[in-house]
**Student:** 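Submitted below is the structure of interest, expressed as structure tokens.
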Amino acid sequence: MMPSSSNSSSVGAEEGKQCILNDQMGPFTVLYILIFIISLPGILLSVWTFICSPRAKQSTSVYLVNLLVADLLLLLALPFKILKDLGAAPWSLMVFHCQASGVTIYISLYASIAFLALIITDRYLQDCQTLRSLRLQEVGFARLLSVVVWLLLLLIMVPNMALPIQQVQERRYLSCSSLKNDIGLHWHTLTVFLCTALFLNASVIVLLSSGLALKRLLHSRKDPKLWVDARQAAVSLAAMVLAYILCFVPYHVVRTPYTLAQTEVITDCHTKRQLFLGKESTLLLSVLHLCFDPLLLYHLHTQFRQTVHKMFPCSREQTISDTEEQAAKEMMEPATSAQQEDAV
């Protein structure tokens with residue numbers, strides 16, 4: 001009994017000398033569990049709908065499928081974070097989260113940012129109806145762009161999984177940065193700045209699309225029919241932009257200074273704790289998009305709406321109108337293709 005007692009006291013003394021950041025994770029884990037429980041049915045229903053649906057005929061559907069893949073990755077990785085933050089995970093699982101599932105969360109996060117930006121842009125282009133916008137909305141182009149996004153993110157993120165980690169003594173509160181050697185910390189810092197650059201570029205695209213949609217709305221005030229169509233499109237776009245800003249902007253305000261704390265540029269323990277709590281709070285907002293994405297799918301994907309209405313038959317008239325709308329779109333597709341061929 002004496003050796004174990006002395007060992008625990010030495011571990012406690014070591015923890016006392018360190019600046020422990022993640023010893024107040026209780027409220028965060030409760031909220032993460034709630035987000036997981038609330039979003040799980042909608043995400044699973046979305047997966048089932050896309051599996052049963054025919055192949056995508058619109059670029060928006062391609063981006064929605066990739067957004068759903070990102071959501072699934074996040075749902076798979078989130079339980080590991082919850083267990084680690086609860087302190088209920090064994091040491092090997094905590095290390096696994098730091099090296100694999102934690103990185104998967106960030107891959108999913110930035111994939112969601114990229115595809116949400118593409119969806120917002122695609123919605124604006126659908127209202128333009130110019131030859132150039134039709135070219136950008138081709139399904140083949142959307143698939144190619146999606147592959148580029150995933151390859152870019154994997155190229156940036158996977159080295160964080162592959163780089164070797166250093167051995168540290170087992171402790172109750174594990175900071176993932178303590179497992180990284182110098183090369184790992186440098187690559188992690190580079191990853192943060194590259195992903196921040198990706199976020200800034202996506203945000204410029206989002207702001208540009210919303211600004212052009214607002215400009216189109218103002219120009220259509222004199223025509224009542226155009227005004228109604230433009231107002232509906234602007235409201236839809238504004239809702240998506242608002243969700244984008246709420247989920248992702250606060251996190252990136254805190255992310256860079258927190259990275260400086262991870263790399264010991266900021267050494268004050270109180271400041272590091274505040275930055276860590278700020279990072280976790282804003283990361284929680286980012287994960288909240290899991291609850292918003294099924295609503296986005298419901299709004300943008302006709303097949304998903306029809307499936308929901310069949311499961312909850314509270315509005316058969318809406319289901320019929322959605323079917324008629326989808327049929328009208330399919331009838332317009334040959335005409336659109338013919339216009340493109342004539343233009344060429």
Side-chain angles (χ1 to χ4, degrees), residues 18-25 28 31-32 70 73-74 77-78 81 84-85 97-117 120 149 152-161 163 165 173-208 241-290:
Q18 295 174 345
C19 180
I20 299 174
L21 306 179
N22 54 347
D23 57 346
Q24 299 178 351
M25 298 302 295
F28 294 108
L31 293 173
Y32 277 123
L73 284 176
L74 182 52
L78 202 55
K81 177 174 176 56
K84 176 183 178 295
D85 291 345
H97 170 73
C98 288
Q99 196 167 14
S101 59
V103 179
T104 303
I105 289 175
Y106 290 104
I107 293 175
S108 166
L109 173 67
Y110 284 98
S112 298
I113 289 172
F115 290 116
L116 277 172
I120 291 171
V149 169
L152 179 63
L153 286 174
L154 292 176
L155 183 64
I156 295 173
M157 295 288 193
V158 167
N160 285 310
M161 299 181 181
L163 288 173
I165 59 175
Y173 302 109
L174 173 63
S175 173
C176 290
S177 61
S178 65
L179 293 173
K180 297 181 182 295
N181 53 26
D182 290 340
I183 296 176
L185 277 175
H186 290 322
W187 186 266
H188 172 72
T189 305
L190 178 63
T191 297
V192 170
F193 287 114
L194 288 175
C195 289
T196 302
L198 185 151
F199 166 75
L200 291 175
N201 281 279
S203 300
V204 169
I205 293 172
V206 169
L207 292 176
L208 185 62
V241 171
L242 183 62
Y244 178 91
I245 292 173
L246 173 66
C247 289
F248 302 121
V249 170
Y251 172 76
H252 287 88
V253 172
V254 180
R255 177 71 252 194
T256 298
Y258 174 68
T259 303
L260 298 178
Q262 284 184 303
T263 54
E264 299 300 328
V265 175
I266 297 175
T267 56
D268 179 66
C269 185
H270 177 72
T271 304
K272 291 170 73 172
R273 285 175 64 87
Q274 295 302 312
L275 288 172
F276 175 80
L277 291 175
K279 188 269 294 186
E280 286 296 323
S281 301
T282 53
L283 181 61
L284 186 67
L285 284 177
S286 297
V287 175
L288 193 62
H289 81 271
L290 282 175

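This chain uses plain numbering: 1 for the first residue, then up along the sequence.
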**Student:** Is any side-chain heavy atom of V253 less than 4.5 Å from a side-chain heavy atom of T282?
**Tutor:**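 Of all side-chain heavy-atom pairs linking T282 with V253, none is under 4.5 Å.
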
**Student:** How many angstroms lie between atom CG of L109 and atom SG of C195, to the nearest 0.5 angstrom?
**Tutor:**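 Between L109 CG and C195 SG, I get 8.5 Å after rounding to 0.5 Å.
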
**Student:** Can you list the steps and then say if F28 with K81 is a side-chain contact (heavy atoms from CB on, under 4.5 Å)?
**Tutor:** CA-CA 10 Å; F28 294 108; K81 177 174 176 56; over 6 Å; no

**Student:** Are the side chain of W187 and the backbone of I156 linked by a donor-acceptor contact shorter than 3.5 Å?
**Tutor:**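 It does hold such a pair.
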
**Student:** Looking at every heavy atom in both L198 and L152, which two are closest together, and how far apart are they?
**Tutor:**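 Residues L198 and L152, closest heavy atoms: CD1-CD2, 4.2 Å.
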
**Student:** Would a 4.5 Å heavy-atom cut-off, applied to side chains only, mark L78 and V287 as touching?
**Tutor:**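 L78 vs V287: side chains touch.
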
**Student:** Could you tell me whether the side chain of T271 reaches within less than 4.5 Å of the side chain of L275, counting heavy atoms only?
**Tutor:**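 In contact.
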
**Student:** With rounding to the nearest 0.5 angstrom, report the OG1 to CG distance, T259 to L185.
**Tutor:**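 Answer for the OG1-CG pair, T259 versus L185, is 10.5 Å.
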
**Student:** Would you name the heavy atoms of I245 and P250 that are closest together and state the gap between them?
**Tutor:**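 Nearest pair, atom of I245 first, then P250: O-CD, 3.3 Å.
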
**Student:** Between D268 and K272 (salt bridge meaning N to carboxylate O under 4.0 Å), is one present in this structure?
**Tutor:**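 Result for this pair is no, no salt bridge flagged.
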
**Student:** Is there a side-chain contact between K180 and I165 (heavy atoms, below 4.5 Å)?
**Tutor:**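 They are not in contact (no side-chain heavy atoms under 4.5 Å apart), so the answer is no.
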
**Student:** Evaluate the side-chain contact (heavy atoms from CB on, under 4.5 Å) criterion for residues F248 and H289: first the C-alpha distance (whole Å), next the side-chain angles of each, then the deciding distance (0.1 Å), finally the verdict.
**Tutor:** CA-CA 9 Å; F248 302 121; H289 81 271; 4.1 Å; yes

**Student:** Look only at the side chain of K84 and the backbone of L174, and say whether a donor-acceptor pair between them is shorter than 3.5 Å.
**Tutor:**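 Checked: pair present.
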
**Student:** If we count only N and O atoms by modelled type, under 3.5 Å, do the side chains of Y244 and S203 hold a donor and an acceptor together?
**Tutor:**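 Yes.
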
**Student:** Where do Y251 and L285 land on the side-chain contact (heavy atoms from CB on, under 4.5 Å) test, with the steps shown first?
**Tutor:** CA-CA 8 Å; Y251 172 76; L285 284 177; over 6 Å; no

**Student:** With a 3.5 Å distance limit and no angle check, can you tell me whether S286 reaches the backbone of C247 through a side-chain donor-acceptor pair?
**Tutor:**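 At least one qualifying donor-acceptor pair exists.
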
**Student:** Side-chain contact, heavy-atom cut-off 4.5 Å: Q99 with L163?
**Tutor:**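 No - every pair of side-chain heavy atoms lies 4.5 Å or more apart.
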
**Student:** Centre-to-centre under 6.0 Å for H252 and Y258, is that the case here?
**Tutor:**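 No - the distance between ring centres of H252 and Y258 does not fall below the 6.0 Å cut-off.
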
**Student:** Under 3.5 Å, side chain of S281 to main-chain N/O of L277, donor-acceptor pair present?
**Tutor:**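 Yes, the answer is positive, given that a donor and an acceptor are paired below the 3.5 Å cut-off.
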
**Student:** Side chains of T191 and Y106, heavy atoms from C-beta outward: is any pair under 4.5 Å?
**Tutor:**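 With C-beta onward as the side chain, the pair stays apart.
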
**Student:** Got a second to check how far R255's CZ is from K279's NZ, nearest 0.5 Å?
**Tutor:**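 Between atom CZ of R255 and atom NZ of K279 there are 6.0 Å.
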
**Student:** If I compare all heavy atoms of M157 with all of V103, which pair ends up nearest, and what's the gap?
**Tutor:**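 Heavy atoms only, the tightest pair is O-CG1, 3.7 Å.
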
**Student:** Check S108 against L73 and note the closest heavy-atom contact, atom names and distance.
**Tutor:**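 Minimum heavy-atom contact is CB-CB, 4.2 Å.
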
**Student:** First locate atom CG of L246, then atom CG of L288, and finally report the distance between them rounded to the nearest 0.5 Å.
**Tutor:**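 Output value for this atom pair is 6.5 Å.
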
**Student:** Where do A202 and I113 come nearest, in terms of heavy atoms and distance?
**Tutor:**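 Nearest pair, atom of A202 first, then I113: CB-CG2, 3.9 Å.
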
**Student:** So does I183 have more than 12 non-hydrogen atoms from other groups sitting under 6.0 Å from CD1?
**Tutor:**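 Open: at most 12 neighbouring heavy atoms sit under 6.0 Å from CD1 of I183.
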
**Student:** Is there a side-chain contact (heavy atoms from CB on, under 4.5 Å) between L290 and L74? Walk through the geometry before answering.
**Tutor:** CA-CA 8 Å; L290 282 175; L74 182 52; 3.6 Å; yes

**Student:** Please give me the minimum heavy-atom distance between I105 and A77, naming the atom from each residue.
**Tutor:**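 Residues I105 and A77, closest heavy atoms: CG1-CB, 3.7 Å.
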
